[in-house]
Amino acid sequence: MGLKADTWIREQSLKNEMITPFSEELVAKDIVSYGLSSYGYDIRVSNSFKIFTNVNTTIVDPKNFDENNVVDFEGDVCIVPPNSFALARTVEYFKIPSNVLAICLGKSTYARCGIIVNVTPFEPAFEGHITIEISNTTPLPAKIYANEGIAQVLFFEGDEQCEVSYKDRNGKYQCQTGITLPRILKDS
């Protein structure tokens with residue numbers, strides 16, 4: 001990145017729609033912050049969630065995921081049960097350039113409450129909403145606030161294009177628009 005990090009992120013987002021919608025400043029009053037920061041971008045969690053449940057006593061299998069493992073919820077506040085887990089998605093839609101890798105880390109406000117946010121890297125030429133994994137490691141119910149910050153994305157620009165991008169590989173999560181459950185590519 002030859003430019004200052006925040007300038008580069010702003011240019012990529014405004015000219016190339018890398019992040020949509022894009023907030024040019026950090027919004028922080030009375031909420032968990034989101035928007036452009038010094039070296040990254042704080043993403044928001046939408047108001048749609050899939051909360052894990054053991055009501056149906058199924059097994060969590062990444063190769064054959066049973067949708068009965070989750071309960072759909074929509075609202076301004078999601079309560080993640082104690083020692084449980086939820087999936088959500090970002091408000092923002094991403095179009096990662098083919099010479100950029102992005103890493104996402106949870107915000108300290110949630111981490112200090114025992115809420116761990118996990119997101120896998122955004123590979124070069126990935127496009128879509130990001131599915132967010134939210135783990136409540138505490139023995140108490142935990143609140144997640146929709147349309148507020150949940151994690152920070154850091155962008156790493158390579159000196160050249162990658163040989164094969166996520167888009168070139170027809171990545172299985174390319175252009176996802178909702179909360180996307182685990183997928184395994186099947187032989188044709």
Side-chain angles (χ1 to χ4, degrees), residues 1 3 5-28 31-51 65 67 70 72-78 80 85-107 109-110 115 117-134 144-158 161-162 164-183 185:
M1 246 176 255
L3 303 169
D6 57 349
T7 302
W8 182 88
I9 295 166
R10 182 180 292 109
E11 282 186 5
Q12 289 297 312
S13 296
L14 296 176
K15 291 180 182 173
N16 302 321
E17 299 179 325
M18 183 174 75
I19 304 169
T20 307
F22 178 72
S23 175
E24 290 192 58
E25 58 187 41
L26 195 64
V27 178
I31 64 167
V32 181
S33 62
Y34 69 89
L36 185 62
S37 61
S38 303
Y39 276 90
Y41 191 87
D42 290 10
I43 57 175
R44 293 175 286 168
V45 62
S46 77
N47 67 345
S48 297
F49 299 87
K50 290 186 180 289
I51 305 168
F65 192 84
E67 290 195 37
V70 294
D72 290 331
F73 174 79
E74 197 166 297
D76 292 334
V77 174
C78 176
V80 180
F85 189 80
L87 294 175
R89 74 160 177 88
T90 56
V91 168
E92 296 82 4
Y93 189 89
F94 287 85
K95 292 181 182 177
I96 303 299
S98 58
N99 66 331
V100 172
L101 175 73
I103 304 291
C104 189
L105 302 166
K107 291 184 66 69
T109 300
Y110 279 118
I115 299 165
V117 175
N118 181 46
V119 177
T120 58
F122 308 1
E123 293 193 44
F126 167 81
E127 180 179 331
H129 285 110
I130 304 301
T131 296
I132 303 168
E133 301 86 22
I134 303 166
I144 306 297
Y145 293 92
N147 299 305
E148 295 188 20
I150 190 80
Q152 184 179 56
V153 181
L154 306 173
F155 299 90
F156 298 92
E157 184 180 29
Q161 305 292 317
C162 61
V164 180
S165 72
Y166 194 76
K167 182 178 181 179
D168 295 337
R169 276 191 280 124
N170 295 317
K172 61 186 172 184
Y173 300 112
Q174 184 73 344
C175 297
Q176 64 189 10
T177 57
I179 302 168
T180 306
L181 296 173
R183 294 179 180 164
L185 294 177

Would you compute the distance between atom [atom1] of [X] and atom [atom2] of [Y] and round it to the nearest 0.5 angstrom?
{"X": "S48", "Y": "D72", "atom1": "OG", "atom2": "CG", "result": "8.5 Å"}
{"X": "N47", "Y": "I144", "atom1": "CG", "atom2": "CD1", "result": "13.5 Å"}
{"X": "F156", "Y": "N99", "atom1": "CZ", "atom2": "CG", "result": "13.5 Å"}
{"X": "L154", "Y": "F122", "atom1": "CG", "atom2": "CZ", "result": "10.0 Å"}
{"X": "W8", "Y": "F155", "atom1": "CH2", "atom2": "CZ", "result": "6.5 Å"}
{"X": "Y93", "Y": "T177", "atom1": "OH", "atom2": "OG1", "result": "7.5 Å"}

Indicate yes or no: at least one non-hydrogen side-chain atom of [X] is less than 4.5 angstrom from one of [Y].
{"X": "L14", "Y": "F22", "result": "yes"}
{"X": "Y110", "Y": "I134", "result": "no"}
{"X": "P124", "Y": "L101", "result": "yes"}
{"X": "M18", "Y": "I9", "result": "yes"}
{"X": "F49", "Y": "V80", "result": "no"}
{"X": "Y39", "Y": "Q152", "result": "no"}
{"X": "V32", "Y": "I150", "result": "no"}
{"X": "F94", "Y": "I19", "result": "yes"}

Indicate the atoms forming the closest heavy-atom contact of [X] with [Y], along with that distance.
{"X": "S33", "Y": "D42", "result": "OG-OD2, 3.6 Å"}
{"X": "Q12", "Y": "P97", "result": "OE1-CG, 3.5 Å"}
{"X": "G178", "Y": "T131", "result": "O-OG1, 3.9 Å"}
{"X": "S37", "Y": "L26", "result": "CB-CD1, 4.5 Å"}

Quiz prompt | Heavy-atom donor-acceptor pair, K172 side chain to R183 backbone, under 3.5 Å | solution = yes
Quiz item: Sub-3.5 Å donor-acceptor pair from the side chain of Q174 to the main-chain atoms of D168, do we have one?
Solution: no
Practice problem: Would you please test C104 and I130 for side-chain contact (heavy atoms from CB on, under 4.5 Å) and show each step? | Solution: CA-CA 10 Å; C104 189; I130 304 301; 5.9 Å; no
Quiz item: Under 6.0 Å between ring centres, would you say that holds for Y173 and Y166?
Solution: no
Quiz prompt | Qualifying salt bridge (charged side-chain N to carboxylate O under 4.0 Å, His left out) pairs with a residue from residues 88-102, counting only residues at least two apart or across chains | solution = E17-K95, R44-E92
Quiz item: Should E67 and L181 be marked as a side-chain contact (heavy atoms from CB on, under 4.5 Å) after you check the CA-CA gap, both sets of side-chain angles, and the distance that decides it?
Solution: CA-CA 8 Å; E67 290 195 37; L181 296 173; 3.4 Å; yes
Quiz item: By side-chain hydrogen bond (donor to acceptor under 3.5 Å, both in side chains), which residues pair with T180, not counting sequence neighbours?
Solution: Q176
